[in-house]
There are 2 protein chains.
Amino acid sequence: MEHGNVSDEERDAALKLENQLCFAVYACSREMTKLYHPLLKEIGLTYTQYVTMLALWEKDQVTVKELGARLYLDSGTLTPLLKKLESMGLITRSRHKADERSVIIALTKQGTEMKEKAREIPAKLYGQSGISLEEIHSLRQRITELLTKVQQP
Amino acid sequence: MEHGNVSDEERDAALKLENQLCFAVYACSREMTKLYHPLLKEIGLTYTQYVTMLALWEKDQVTVKELGARLYLDSGTLTPLLKKLESMGLITRSRHKADERSVIIALTKQGTEMKEKAREIPAKLYGQSGISLEEIHSLRQRITELLTKVQQP
DNA sequence: CGCAATTAAATTGTATAAAATTTAAAAGGT
DNA sequence: ACCTTTTAAATTTTATACAATTTAATTGCG
């Protein structure tokens, strides 16, 4: 037997997949995203494109930097994604006049109108999830709390 | 005003990022994975490679199918990942003798030995997360429950 | 047996992710 | 004004993810 605080058995238990919070979150994220696939296919968006549009429907005319902060994504992911949304006619990308380093993202008429088509998605998803609204709300709050704790500076 | 059960305002609220459980889980998963990066770099694994090794340390001599079921990953992701682990000398890939369709994944001596180097990772991560063990346990249980509810057949 | 249906991996194509580096612009101190 | 530092995007590289399809082996049914 070990004489330290933590035994080999305890360290072994910590290495089990079923004991890992991060793995549960990781697997859950991918499975939930798959639920969106058939609904998002109808409006021609991927999940990441969808959350980017959600952010822009709340507030557009923002820099890539600000958008990235809200989505927890950096320019390495956003630049090609935004170019794709631009080629689909949903957004425009233009250099900020006062600061040429920044790129301003704005919704086009078509991009704004897509919100109407997206309105039914959350309710449809809720319907097929089989989870109560209370459970969703409380779990979302706790995971958001966790997110603020683990987010990097 | 709408006469139905759900108003436009309520549907708009559902489209806000901060109200989306899936987005919270998605962002949280990526931020937590980033915490692992410096620790995993020391032993030369990515996060997905790490969870694959975790699964194999619990039980190896398994098919790609079984491994995929435990990791919620399909052959499209696992095949290249397992080829990489094989090229690193951590596992072997061999066709099952009784059923040539299946591929059996087994740990090499080097792959088994890596477990020793990984033992300290969960505790180190817990240390830098600033979350209590109780919170981790209860949250993991609830997310695992959610995972079983949203997992596709 | 003979063959249609099923199954397990692998492959193909598209889209993320993120670390690390590069480029260009702006800020700030001297 | 000059130059070092900082900052915002973009680029490069590597590694996932996954839908959809293909390939090859096995099953199961008449």
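Letters A, B, ... mirror the listed sequences (proteins, then strands); counts begin at 1.
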ask   = A:T77 has a side chain; which of C:dA10, D:dA17, C:dT16 sits nearest to it?
value =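 Nearest to the side chain of A:T77 among the choices is C:dT16.
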
Fit a plane to each ring of [X] and [Y], take the angle between them on a 0 to 90° scale, and name the class: parallel (under 30°), tilted (30 to 60°) or perpendicular (over 60°).
X: B:F23; Y: A:Y72; answer: tilted
X: A:Y36; Y: A:Y50; answer: tilted
X: B:Y47; Y: A:Y26; answer: perpendicular

Rounded to the Å, how far apart are [X] [atom1] and [N] [atom2]?
X: B:K65; N: C:dT7; atom1: NZ; atom2: P; answer: 8 Å
X: A:R30; N: C:dA15; atom1: CZ; atom2: C1'; answer: 15 Å
X: A:D74; N: C:dT22; atom1: CG; atom2: P; answer: 17 Å
X: A:L73; N: C:dA15; atom1: CG; atom2: P; answer: 16 Å
X: A:L78; N: D:dA10; atom1: CG; atom2: C1'; answer: 12 Å

ask   = Under 4.0 angstrom, heavy atoms only, what part of the nucleic acid is A:L81 near: base, sugar-phosphate, or nothing?
value = sugar-phosphate

inquiry  = For B:I136, give me all partners under side chain to side chain contact (heavy atoms under 4.5 Å, CB included), at least two apart in sequence or on another chain.
reply    = A:L21, B:Y126, B:I131

message = Just to verify, which of B:H96, B:R95, B:R101 counts as forming a side-chain hydrogen bond (donor to acceptor under 3.5 Å, both in side chains) with B:D99?
response =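 The passing option is B:R101.
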
ask   = Quick one: salt bridge (charged side-chain N to carboxylate O under 4.0 Å, His left out) partners of A:E42, sequence neighbours excluded?
value =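 Here no residue qualifies.
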
request  = Would you mind telling me which of A:T148, A:V25, A:T144 makes a side-chain contact (heavy atoms from CB on, under 4.5 Å) with B:C28?
outcome  = A:V25

key: Partner of A:L107 under side-chain contact (heavy atoms from CB on, under 4.5 Å), chosen from A:T92, A:D60, A:L90   = A:D60

Among [range], which residues get a heavy atom nearer than 4.0 Å to DNA chain C?
range: residues 33-58 of chain A; answer: A:T46, A:T48, A:Q49
range: residues 83-103 of chain B; answer: B:K83, B:R93, B:R95, B:R101, B:S102, B:V103
range: residues 16-26 of chain B; answer: B:Y26

task = Please check the phosphate of D:dA9 (OP1 and OP2 only) for any side-chain N or O of A:T63 closer than 4.0 Å.
result = yes

ask   = Below 4.0 angstrom, N of the basic side chain to O of the carboxylate: do A:E86 and A:K83 qualify?
value = no

remark   = All heavy atoms of B:Q20 vs all of A:P122, minimum pair found to be NE2-CG, 4.3 Å

task = Report yes or no: is there a donor-acceptor pair, N or O only, under 3.5 Å between the side chain of A:S75 and the base of D:dA8?
result = no

inquiry  = Please list all pairs meeting salt bridge (Lys or Arg N to Asp or Glu O under 4.0 Å) that have one or both residues in residues 123-142 of chain B, counting only residues at least two apart or in different chains.
reply    = A:E135-B:R142, A:R142-B:E135

inquiry  = Heavy-atom nearest nucleotide on DNA chain D for A:E66 versus B:P80: which residue maps closer to 5'?
reply    =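 Mapping each residue to its closest nucleotide by heavy atoms, the 5'-most match is A:E66.
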
